[in-house]
2 protein chains.
Amino acid sequence: MLTDLKISTNHGCGECPIRHRAVCARCDADELEQLDEIKYYRSFEAGQTVVWAGDRMDFVGSVVSGVAALTQTMEDGRTQMVGLLLPSDFAGRPGRDTAAYDVVATTDLVMCCFRKKPFEKMMAETPHIAQRLLQMTLDELDAAREWMLVLGRKTAREKIASLLVIIARRDASLQLHGMVGELKFTLPLTREAMADYLGLTLETVSRQISALKRDKVILLEGKRIITIPNFTRLLEEAGDDNDGGMLA
Amino acid sequence: MLTDLKISTNHGCGECPIRHRAVCARCDADELEQLDEIKYYRSFEAGQTVVWAGDRMDFVGSVVSGVAALTQTMEDGRTQMVGLLLPSDFAGRPGRDTAAYDVVATTDLVMCCFRKKPFEKMMAETPHIAQRLLQMTLDELDAAREWMLVLGRKTAREKIASLLVIIARRDASLQLHGMVGELKFTLPLTREAMADYLGLTLETVSRQISALKRDKVILLEGKRIITIPNFTRLLEEAGDDNDGGMLA
DNA sequence: TCGCGCGCTTGATCTGTGTCAAAGTTGAAT
DNA sequence: ATTCAACTTTGACACAGATCAAGCGCGCGA
């Protein structure tokens with residue numbers, strides 16, 4: 001059974017992580033078999049680069065476990081993370097043959113990959129897949145645009161809070177009990193990676209995390225394990241009130 | 001003949017603006033007729049809101065003439081433009097029924113619209129359209145991510161230069177002679193709209209435009225008509241060197 | 001057990017951009 | 001022609017976050 005790639009249409013939702021990106025449709029056995037034939041796995045260690053911007057990228061795939069970052073770099077070295085790939089997220093560009101950004105493993109990483117050619121052939125034959133991919137891409141676009149607001153208009157403190165909200169929402173261990181009560185999760189990013197995502201320096205990230213700790217918005221065990229005693233409070237800190245009911 | 005919406009597959013490229021988004025495929029007469037039946041036009045005056053974020057949006061469409069902005073606003077009034085819709089750009093979210101952002105006409109605007117229901121029905125029946133829409137959405141995603149680098153890591157001067165590059169590239173009057181020689185175009189945005197797009201204040205926008213004028217990177221006639229004597233120079237100012245050959 | 005290095009924190013200072021304020025320009029309506 | 005409002009420019013000053021610099025702490029290999 002092919003559950004690694006959420007492009008595939010899963011039969012019955014038991015195996016779909018309850019994420020807003022995972023919209024399930026009817027199961028088509030032939031389709032699954034076809035996908036199974038061309039899929040394979042790749043593993044990466046933390047810090048390894050999966051592909052370089054501009055390089056040929058002859059596969060598409062999704063994250064099985066771990067975290068990857070999409071980053072863009074200017075010649076003088078300034079870098080901006082433009083996407084964070086958590087488990088079940090899709091990477092790749094059907095129809096293009098080069099990567100637009102660097103893809104870097106920020107933790108140990110396993111990806112489920114498909115050679116691009118056969119994948120595209122399947123896409124042409126199976127309308128479902130293009131439609132599913134369109135929905136996923138629209139979600140990505142929404143996320144990117146939400147992040148534009150973060151980058152363009154939020155203060156450093158709001159930026160940190162916004163990042164914590166995103167990670168808390170997506171952390172697998174939290175999917176079950178929803179966003180109520182005490183939430184605890186592990187930050188899958190270094191302070192530097194956070195800075196690159198937020199358009200800040202790592203010093204500012206560090207200071208703001210200290211400030212949020214001081215103000216009891218978050219609790220820290222070590223440097224990476226975070227507890228959110230009051231998620232609503234965190235949302236306020238993110239400037240993200242009217243939240244479309246994602247709280248429940 | 002349906003040329004307003006570049007979703008439709010045009011037969012022969014004579015009528016396609018030579019834009020990177022306009023990838024032409026085979027023409028399908030039935031398809032065009034179907035689209036024609038459900039399309040209609042809407043006009044807006046500069047400043048009018050096309051849809052409000054969160055409102056029901058029961059159409060999709062594309063810009064025929066004029067410019068529209070997608071904007072997000074926080075409760076305290078901070079706003080960020082998250083997309084700029086120039087002629088031939090697509091707006092709308094097949095599969096969703098509410099708008100994610102405000103859509104505002106920044107100039108007088110004409111849109112070519114399709115009621116969403118029949119459009120979605122067609123999409124389900126005509127694989128071509130979903131695939132075409134996927135390509136367009138991937139382009140949008142690339143543009144949004146490029147903009148994340150602008151917002152997160154560029155200086156005010158680089159931001160202004162980056163915006164001018166984008167507008168110069170897309171300005172219809174320039175499509176013919178490419179990006180060489182003197183380029184002249186009209187800014188379709190107020191200083192405030194530019195500020196909202198760039199994550200700056202309007203004062204900073206004004207100062208940086210004055211500085212670019214002083215340094216002869218741009219020439220101004222009035223406040224809106226801009227001449228670029230040397231496009232390569234502008235690219236350098238944007239921090240956008242290695243440019244993937246878009247110069248030719 | 002020690003020491004070394006990497007990731008992180010904290011402090012002092014600097015600077016780019018925001019804020020507040022005033023005045024200039026332009027085009028459209030009277 | 002005059003006036004008015006919207007848009008823009010410019011100046012003075014303030015401040016959030018960057019930069020430069022030092023030191024901490026924890027895990028890992030010797």
Side-chain angles (χ1 to χ4, degrees), chain A residues 45-47 69 74 76-80 104 106-108 150-163 186-215 218-226 237 239, chain B residues 45-48 69 74 76-80 104-108 150-163 186-215 218-226 237 239:
Chain A
E45 289 176 19
M74 298 171 66
D76 61 9
R78 282 177 281 176
T79 77
Q80 174 66 50
V104 182
T106 58
T107 64
D108 290 345
V150 172
L151 291 173
R153 293 301 187 195
K154 290 193 178 180
T155 64
R157 169 182 265 242
E158 289 169 333
K159 284 178 173 181
I160 300 286
S162 299
L163 178 58
T186 301
L187 265 183
L189 300 174
T190 64
R191 301 286 124 106
E192 188 180 22
M194 294 175 72
D196 283 344
Y197 201 20
L198 296 167
L200 298 171
T201 60
L202 69 90
E203 292 95 330
T204 298
V205 169
S206 183
R207 277 187 247 276
Q208 295 299 334
I209 288 181
S210 298
L212 288 172
K213 183 171 85 177
R214 173 170 39 70
D215 299 344
I218 63 176
L219 308 176
L220 278 180
E221 290 168 47
K223 290 147 197 314
R224 295 292 196 95
I225 300 175
I226 292 196
E237 292 287 354
Chain B
E45 289 176 18
Q48 267 191 297
M74 298 171 67
D76 62 8
R78 282 177 281 177
T79 78
Q80 175 66 49
V104 182
T106 57
T107 64
D108 289 346
V150 172
L151 290 173
R153 292 302 185 193
K154 290 193 179 180
T155 64
R157 170 182 265 239
E158 289 169 332
K159 285 178 172 182
I160 299 287
S162 299
L163 179 58
T186 302
L187 265 182
L189 300 174
T190 64
R191 301 288 186 255
E192 188 180 23
M194 295 174 70
D196 284 344
Y197 200 19
L198 296 167
L200 297 171
T201 60
L202 68 91
E203 292 94 332
T204 298
V205 169
S206 183
R207 277 187 248 275
Q208 296 299 335
I209 288 181
S210 298
L212 289 173
K213 183 172 84 178
R214 172 172 39 71
D215 300 343
I218 63 176
L219 308 176
L220 278 179
E221 290 168 46
K223 291 149 198 312
R224 294 294 195 92
I225 299 176
I226 292 197
E237 292 286 355

Do [X] and [Y] have side chains that get closer than 4.5 Å, going by heavy atoms?
{"X": "I160(A)", "Y": "E237(A)", "value": "no"}
{"X": "E158(A)", "Y": "M74(B)", "value": "yes"}
{"X": "I209(B)", "Y": "L220(B)", "value": "yes"}

Ignoring hydrogens and geometry, is there a side-chain-to-backbone donor-acceptor pair from [X] to [Y] under 3.5 Å?
{"X": "Q48(B)", "Y": "V104(B)", "value": "no"}
{"X": "D108(B)", "Y": "A46(B)", "value": "yes"}
{"X": "R153(B)", "Y": "L200(A)", "value": "yes"}
{"X": "S206(A)", "Y": "L202(A)", "value": "no"}

Interface with DNA chain C, restricted to residues 200-207 of chain A and to heavy atoms under 4.0 Å =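 Contacting residues: L202(A), E203(A), S206(A), R207(A).
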
What is the distance from [atom1] of [X] to [atom2] of [N], rounded to the nearest Å?
{"X": "E221(B)", "N": "dT8(D)", "atom1": "CD", "atom2": "C1'", "result": "17 Å"}
{"X": "I225(A)", "N": "dG27(D)", "atom1": "CD1", "atom2": "P", "result": "11 Å"}
{"X": "D196(A)", "N": "dG17(D)", "atom1": "CG", "atom2": "P", "result": "17 Å"}
{"X": "K223(B)", "N": "dT10(D)", "atom1": "NZ", "atom2": "P", "result": "8 Å"}
{"X": "L198(A)", "N": "dG17(D)", "atom1": "CG", "atom2": "P", "result": "12 Å"}
{"X": "I160(A)", "N": "dA16(D)", "atom1": "CD1", "atom2": "C1'", "result": "14 Å"}
{"X": "E192(B)", "N": "dT8(D)", "atom1": "CD", "atom2": "P", "result": "9 Å"}
{"X": "K159(A)", "N": "dA18(D)", "atom1": "NZ", "atom2": "C1'", "result": "12 Å"}

Where does the chain B footprint on DNA chain C start and end, counting 5' to 3' with a 4.0 Å heavy-atom cut-off?
->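 With heavy atoms of chain B under 4.0 Å away, the range is dT17(C) to dT26(C).
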
For R224(B), answer base if it contacts any base atom (sugar-phosphate contacts may also be present), sugar-phosphate if it contacts only those atoms, and nothing otherwise; contact means non-hydrogen atoms under 4.0 Å.
->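 Sugar-phosphate, backbone atoms only, no base.
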
Which part of the nucleic acid, if any, lies within contact of G199(B), taking any heavy atom under 4.0 Å across all strands shown: a base, the sugar-phosphate backbone alone, or nothing?
->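 The residue G199(B) makes sugar-phosphate contact but no base contact.
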
Work out which heavy atom in [X] is nearest to a heavy atom in [Y]; give both atom names and the distance.
{"X": "K154(A)", "Y": "R78(B)", "result": "CA-NH1, 3.9 Å"}
{"X": "R191(B)", "Y": "K223(B)", "result": "NH2-O, 2.9 Å"}
{"X": "V150(B)", "Y": "K159(B)", "result": "O-CE, 3.3 Å"}
{"X": "Y197(B)", "Y": "L151(B)", "result": "O-CD2, 3.6 Å"}

Any T190(B) side-chain nitrogen or oxygen under 4.0 Å from OP1 or OP2 of dA6(D) =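 No, T190(B) has no side-chain N/O under 4.0 Å of OP1/OP2 on dA6(D).
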
Could you tell me, to 10°, how much the axis swings from one end of the helix from dT1(C)-dA30(D) to dT30(C)-dA1(D) to the other, five pairs per end?
->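 Answer for the end axes of this duplex: 30°.
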
Return the 5'-most residue of the pair R153(A), L189(A) with respect to DNA chain C, ranking by each residue's nearest nucleotide.
->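 The answer here is L189(A).
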
Crowded around E203(A) CD? As in, over 12 foreign heavy atoms under 6.0 Å?
->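 Check passes, neighbour count above 12.
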
